[in-house]
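For reference, the structure is listed below as structure tokens.
In each ligand, atom 1 is the first atom listed, and ligand 1 is the first ligand listed.
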Amino acid sequence: MIVYENRYDVIVVGGGHAGCEAALASARMGCKTLMLTINLDAIALMSCNPAIGGLAKGHLVKEIDALGGEMGKNIDATGIQFRVLNTRKGPAVRASRAQADKQQYRLRMKWVLEGQERLDLKQGEVTALHVEDGQVMGVDTRGGVRFQGATVILTTGTFMRGLIHIGLINYPGGRAGDIPSIGLSDQLRDIGFAVGRLKTGTPARLDGRTIDFSQLEAQPGDDPPAPFSFSTDCITRPQVPCYIAYTNAKSHDIIRSGLDRSPLYAGIIEGVGPRYCPSIEDKVVRFPDRDRHQTFIEPEGADTVEYYPSGLSTSLPIDIQWTFYRSIKGLESVEIMRPAYAIEYDYVDPIQIHASLETKLVRNLFHAGQINGTSGYEEAAGQGLMAGINAALRVQGKDPLVLGRNEAYIGVMIDDLVTLGTREPYRMFTSRAEYRLLLREDNADMRLRETGHAIGLVPETEYLRFSEKRGRVDAELERIHSAKILPSTADPEFLAKYELSGLQNAVTYEQLLRRPDFSWRDLMPLDATVTESDALIWEQVEIQVKYKGYIDRQLDQVARAKGVEGARIPEEFDYVALSGLSTEVREKLQKFRPDTLGQATRIPGITPAAIAILSVALKSRG
Ligand code: FAD
């Protein structure tokens, strides 16, 4: 091995969505950082759907942005269709989603990385970690170079021993067009990590010149499009539509006719797939009574004819793919540009990492993204950001940053992973969060901007902008408490509309905003200071007023759980010496080694009685 002359504080292995956030975070926090990745042209490449956000994933993007990450800004600059989902539902589940111009997304992210001080980018496949006395010291590449680093973050995605399946044909690959990562996961297994196998799949990419769009239902984006990032003023790129199409009985017959050559049904694929994102053959088999399945035909970019048929991922043989896609109305003459495929890959059970994302087996080694068993760009980016932050904090000799389940979806995700582990691809859902009303998209900045600024990721200008917004929200909350309309002087039409005509006493804005049928925009005719340009401020005010009861209740629950959540369990805690625990509970605690009493409560099979014993033992240690 030739040892490279520079020594890094942080080495990030992988240039996917986790790797990009990790590398930017550590470099922005002052650490000399190296990103090593197999192909520099594939930085931030979207392996599957050309879109960012969606239900619960939009929350993650807003949180990443609030903490000072890049994903939100990147999609704002390169998005070609923005929509807010669930607008008719409560604020907790509203979620932003945007189609990306896939190539522009990756190019801009690479450009941001290249412009980042203290960050070196190098192409190379890491084949081994350099570990001494249980501590990582650097990495070795296939090209025979050793890079030395105080900390290493592995973000290998779907690449470790990646195996691509199309029908009964399979071949090694990290994803279509990329080589796999060989060697690394064998070493991880030798070290003692529980390395498992997962699977995911993607649809074919279709040639838009051969799609009859007149037969499809166009779905436009929102007008005006709402940005993801708290720092973006407005979206400037032209917006394009997506299209809706449906499979039919003929499509399903074709799929069934190919099942004997499906690697999934022939038992060739051993990895566990994502249950919430099944392949089309899975859907047809599992729901035989459904006569059609919807698909969104999504553009891959403004400068390409490639389209992504969302929801139609498959690993069926190519001849079945040809006939199946062409059985769909509007796609009768469609040409496939890239075939659909499934991929199996190695991941490491995340119960072997701390909530800081540092591994329990190798000091200063962090894991983030798909390597931890998650699926999705946003999940990966959220972990990458936290791993980058915590690697930098380790280098600076500071305590790790761990977000609570009451603070962020990122906190919920990491807590789920490290306390429960995962046997199937994990993706974020709003239902995973117990404090949903506190963890809204709209208040991600209120929850996390301060933290992002304190660790040095949110620049001063962005922080000032946030402080100003927070000040305005507080001031308006104060004002609406006393600002009122007098029934005697108010517009009779307004009074009639809100059934206030017979009222004798004044009504405060706050009382009005509490009403389910009254929105802050209804204040505009009454008060010239309430304007559309302050929409974000008023939206915040309205939500805080309307949902105050529910929010207070959740805050109460958080306060009550605080003692348990915060009680730290020392790493060397001796569960064997603790009397009163059943053998099963003792074994579980030894296996999971929770960092806090809060984590211990969430390990399946750990009883309240065991928690009480543990709690007393921790208190007696002082
Ligand atoms: P990736 O984006 O995979 O990036 C990994 C990076 O690490 C790459 O840059 C790679 O070159 C680099 N790398 C790997 N090993 C090494 C090494 N040894 N040395 C140096 N560099 C290395 N997500 C969904 O949410 N829904 C889906 O339906 C879905 N379907 C998918 C289908 C397919 C076929 C694939 C490939 C992915 C799919 N995904 C899906 C997953 C999504 O792509 C990932 O969740 C996301 O990209 C993970 O981000 P990451 O940063 O962890 O890894």
Side-chain angles (χ1 to χ4, degrees), residues 11-23 34-54 56-57 60 71 106 109-110 121-129 139-143 147 152-166 173-185 187-188 198-204 273-274 276-279 308 310-315 338-347 367-385 387 425-428:
I11 296 177
V12 177
V13 179
H17 306 278
C20 289
E21 295 294 349
L34 167 66
M35 175 192 275
L36 264 174
T37 191
I38 288 176
N39 180 357
L40 280 177
D41 287 331
I43 279 179
L45 187 65
M46 296 176 152
S47 316
C48 195
N49 58 330
I52 293 290
K57 289 168 174 269
L60 289 171
M71 185 171 246
R106 115 187 131 71
M109 188 64 93
K110 181 161 182 265
L121 306 180
K122 293 190 191 297
Q123 184 160 297
E125 182 200 343
V126 170
T127 46
L129 298 169
V139 297
D140 298 340
T141 64
R142 191 166 298 286
F147 291 95
V152 172
I153 305 174
L154 290 183
T155 67
T156 50
T158 54
F159 283 67
M160 289 198 302
R161 287 204 314 124
L163 187 66
I164 289 174
H165 294 266
I166 303 177
R175 72 185 147 213
D178 268 312
I179 59 164
S181 157
I182 302 295
L184 200 49
S185 53
Q187 186 198 14
L188 291 172
L198 294 176
K199 167 244 159 189
T200 187
T202 194
Y276 49 82
C277 198
S279 62
Y308 172 95
S310 170
L312 299 186
S313 79
T314 179
S315 54
R338 306 178 199 225
Y341 65 97
I343 186 163
E344 282 184 284
Y345 54 93
D346 284 349
Y347 81 107
H367 287 177
Q370 197 115 357
I371 189 173
N372 283 335
T374 59
S375 169
Y377 313 134
E378 304 79 0
E379 287 83 348
Q383 292 168 66
L385 177 70
Y426 174 104
R427 71 153 284 188
M428 188 38 85

side-chain contact (heavy atoms from CB on, under 4.5 Å) with Glu125: which of Leu184, Thr37, Ile38?
Ile38
Applying the side-chain contact (heavy atoms from CB on, under 4.5 Å) criterion to Val13, which one of Val152, Ile153, Thr155 satisfies it?
Val152
With a 4.5 Å heavy-atom cut-off, do Arg175 and Leu45 have their side chains touching?
yes
A side-chain contact here means heavy atoms from C-beta on lying under 4.5 Å apart; do Met35 and Cys20 qualify?
yes
Would [X] count as being in polar contact with ligand 1, using the rule that some N or O on each side must be under 3.5 angstrom apart?
X      : answer
Gly376 : yes
Gly201 : yes
Ser181 : yes

I would like to know whether Thr200 and Leu198 meet side chain to side chain contact (heavy atoms under 4.5 Å, CB included); could you show each step before the answer?
CA-CA 7 Å; Thr200 187; Leu198 294 176; over 6 Å; no
Considering non-hydrogen atoms of the protein only, which is the closest contact for [atom], and what is the distance?
atom                    : value
atom 8 (C) of ligand 1  : Phe159 CE1, 3.8 Å
atom 26 (N) of ligand 1 : Ser375 OG, 3.9 Å
atom 39 (N) of ligand 1 : Cys48 CB, 4.0 Å
atom 28 (O) of ligand 1 : Cys277 SG, 3.3 Å
atom 47 (O) of ligand 1 : His17 CD2, 3.4 Å
atom 21 (N) of ligand 1 : Ile38 N, 3.3 Å
atom 49 (O) of ligand 1 : Ala380 CB, 3.3 Å
atom 12 (C) of ligand 1 : Gly14 CA, 3.5 Å

Taking heavy atoms and a distance under 4.0 Å, where does [X] meet ligand 1: side chain, backbone, both or neither?
X      : answer
Arg175 : side chain
Leu36  : backbone
Ala18  : both
Thr158 : both
Lys57  : side chain

What's the separation between atom [atom1] in [X] and atom [atom2] in [Y], rounded to the nearest 0.5 Å?
X      : Y      : atom1 : atom2 : result
Ile179 : Asn39  : CD1   : CG    : 8.5 Å
Arg427 : Glu378 : CZ    : CD    : 8.0 Å
Met46  : Tyr377 : CE    : OH    : 6.0 Å
Gln123 : Leu40  : CD    : CG    : 4.5 Å
His165 : Glu344 : NE2   : CD    : 3.5 Å

Subset of ligand 1 atoms that lie under 4.0 Å from at least one heavy atom of [X]:
X      : answer
Gly124 : 19 (N), 20 (C)
Gly369 : 52 (O)
Ser47  : 35 (C), 36 (C), 37 (C), 43 (O)
Thr155 : 5 (C), 6 (C), 7 (O)
Gly16  : 2 (O), 4 (O), 6 (C), 9 (O), 51 (O)

Using every non-hydrogen atom in the two residues, find where [X] and [Y] come nearest and quote the distance to one decimal.
X      : Y      : answer
Ala368 : Ala18  : O-CB, 3.9 Å
Arg161 : Ser185 : CG-OG, 3.8 Å
Tyr345 : Gly157 : CD1-O, 4.0 Å
Ile182 : Thr127 : O-CG2, 3.9 Å
Ala204 : Ala340 : N-CB, 3.3 Å

Do any heavy atoms of [X] fall under 4.0 Å from ligand 1?
X      : result
Ala381 : no
Ala42  : no
Arg427 : no

Given [options], identify the one with the heavy atom nearest to [atom].
atom                    : options                        : answer
atom 46 (C) of ligand 1 : Gln383, Gln370, Met160, His165 : Gln370
atom 1 (P) of ligand 1  : Ala22, Ser310, Gly15, Gly157   : Gly157
atom 9 (O) of ligand 1  : Thr200, Thr37, Asp178, Val13   : Thr37
atom 19 (N) of ligand 1 : Leu45, Val126, Val12, Ile343   : Val126

Criterion side chain to side chain contact (heavy atoms under 4.5 Å, CB included) on Lys122 and Thr141, from CA distance to verdict
CA-CA 11 Å; Lys122 293 190 191 297; Thr141 64; over 6 Å; no
